[in-house]
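This report concerns only the one structure given below.
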Amino acid sequence: MNLIIFGPPGAGKGTQSDFIVKKYNLFQVSTGKILREEIKNQTKIGQEISLLMSSGSLVEDKIVNNLIEDIVSDKKYENRFIFDGYPRNLDQANFLNDLLIKDNQKIDIVFKLSVNLETIKKRISERKTIEKRSDDNEEIAIKRYNTYEKSTEPVIEYYKKLNLLKVIDGERSISQINKEISDIIDLI
Ligand code: AMP
């Protein structure tokens, strides 16, 4: 089983992915986390993307797709992926589609956590004090939200047309969302 979880910044994708990974023995692919590690480790990629990321812009497709290709082609994670933060635009979605087809894999369910902008602002300001991410201030969060609406909503539409989309109300408690997601996964 391979899953994707979508949602604007602060929607709770990371929290829900952690839960799904543990419960269903999946492997989380969070491009945001991977890219933050590159910056922390001061790699060549990290140096290239650091300014872009702290300004809330998307990193170049080529960089992200290369990272994804390495992970998806690793047989030990086959059919155990939960993609969190990827694909972010239609080119990435097509790239992922081609990669999975090559490996005889597919996406089984796509979750979208729906959260309104006021909740996002509140959650991001709470997270800022805990995680100290450079892109977690209100102005940048709004920019990331707008990028999500413009670039990522069309990807969600793409999966909706394939009948894979499940929209989850992300305004509720973590445990209520956990339960709804589990109930959907348990049906397949
Ligand atoms: P996230 O942790 O998913 O909120 O991502 C944090 C930041 O990492 C984003 O604002 C982008 O700068 C970068 N990023 C993460 N995933 C992608 C992606 N799939 N494509 C391009 N940039 C990404």
Side-chain angles (χ1 to χ4, degrees), residues 2-21 26-73 81-100 107 110-117 119-159 168 170:
N2 294 313
L3 310 176
I4 305 180
I5 186 158
F6 285 109
K13 299 188 296 290
T15 307
Q16 293 302 327
S17 298
D18 288 348
F19 156 78
I20 300 168
V21 160
L26 298 184
F27 180 75
Q28 184 199 24
V29 184
S30 159
T31 40
K33 265 193 204 165
I34 297 169
L35 295 170
R36 280 188 288 281
E37 277 299 300
E38 295 283 337
I39 294 176
K40 198 169 121 206
N41 297 330
Q42 299 185 333
T43 64
K44 191 163 164 284
I45 290 179
Q47 287 166 3
E48 250 178 87
I49 64 173
S50 154
L51 277 179
L52 263 183
M53 265 183 82
S54 49
S55 73
S57 304
L58 289 184
V59 169
E60 246 181 89
D61 287 348
K62 200 163 78 141
I63 293 179
V64 184
N65 287 341
N66 278 343
L67 293 168
I68 289 287
E69 185 164 18
D70 287 347
I71 300 169
V72 170
S73 55
F81 292 111
I82 172 159
F83 296 97
D84 155 8
Y86 184 91
R88 274 298 222 273
N89 59 34
L90 283 171
D91 284 342
Q92 293 183 8
N94 286 324
F95 184 84
L96 178 63
N97 197 25
D98 290 348
L99 268 186
L100 292 175
I107 297 295
V110 174
F111 292 105
K112 170 187 170 175
L113 294 177
S114 262
V115 180
N116 71 45
L117 187 55
T119 307
I120 288 167
K121 286 184 196 164
K122 193 166 145 269
R123 290 193 189 162
I124 295 268
S125 86
E126 284 162 7
R127 186 168 73 184
K128 172 98 189 147
T129 59
I130 303 166
E131 294 184 20
K132 304 203 170 20
R133 276 174 55 168
S134 63
D135 56 356
D136 271 352
N137 68 51
E138 189 167 312
E139 187 197 335
I140 304 285
I142 292 171
K143 180 172 172 191
R144 286 160 60 213
Y145 179 80
N146 290 336
T147 304
Y148 171 81
E149 295 250 288
K150 184 165 157 267
S151 304
T152 310
E153 280 291 350
V155 185
I156 298 173
E157 239 351 85
Y158 163 87
Y159 288 111
I168 309 285

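One-based numbering, in listed order, for ligands and for the atoms of each.
Looking at K13, its side chain never comes within 3.5 Å of a backbone N or O of D84 through a donor-acceptor pair. In this structure, the side chain of T43 engages the main chain of E38 through a donor-acceptor pair within 3.5 Å.
With sequence neighbours excluded, the residues forming a salt bridge (Lys or Arg N to Asp or Glu O under 4.0 Å) with E153 are K112, listed by chain and number.
Protein residues lining ligand 1, listed by chain and number: T31, G32, L35, R36, M53, S57, L58, V59, V64, G85, Y86, R88, Q92, R133, D135, R144 [non-hydrogen atoms, distance under 4.0 Å].
A salt bridge links E37 with K40: at least one charged nitrogen is closer than 4.0 Å to a carboxylate oxygen. Between R144 and D136 there is a salt bridge, since a side-chain N of the basic residue sits under 4.0 Å from a carboxylate O of the acidic one.
Note: Y159 and F6 have tilted aromatic rings, judged against thresholds of 30 and 60 degrees for the angle between ring planes.
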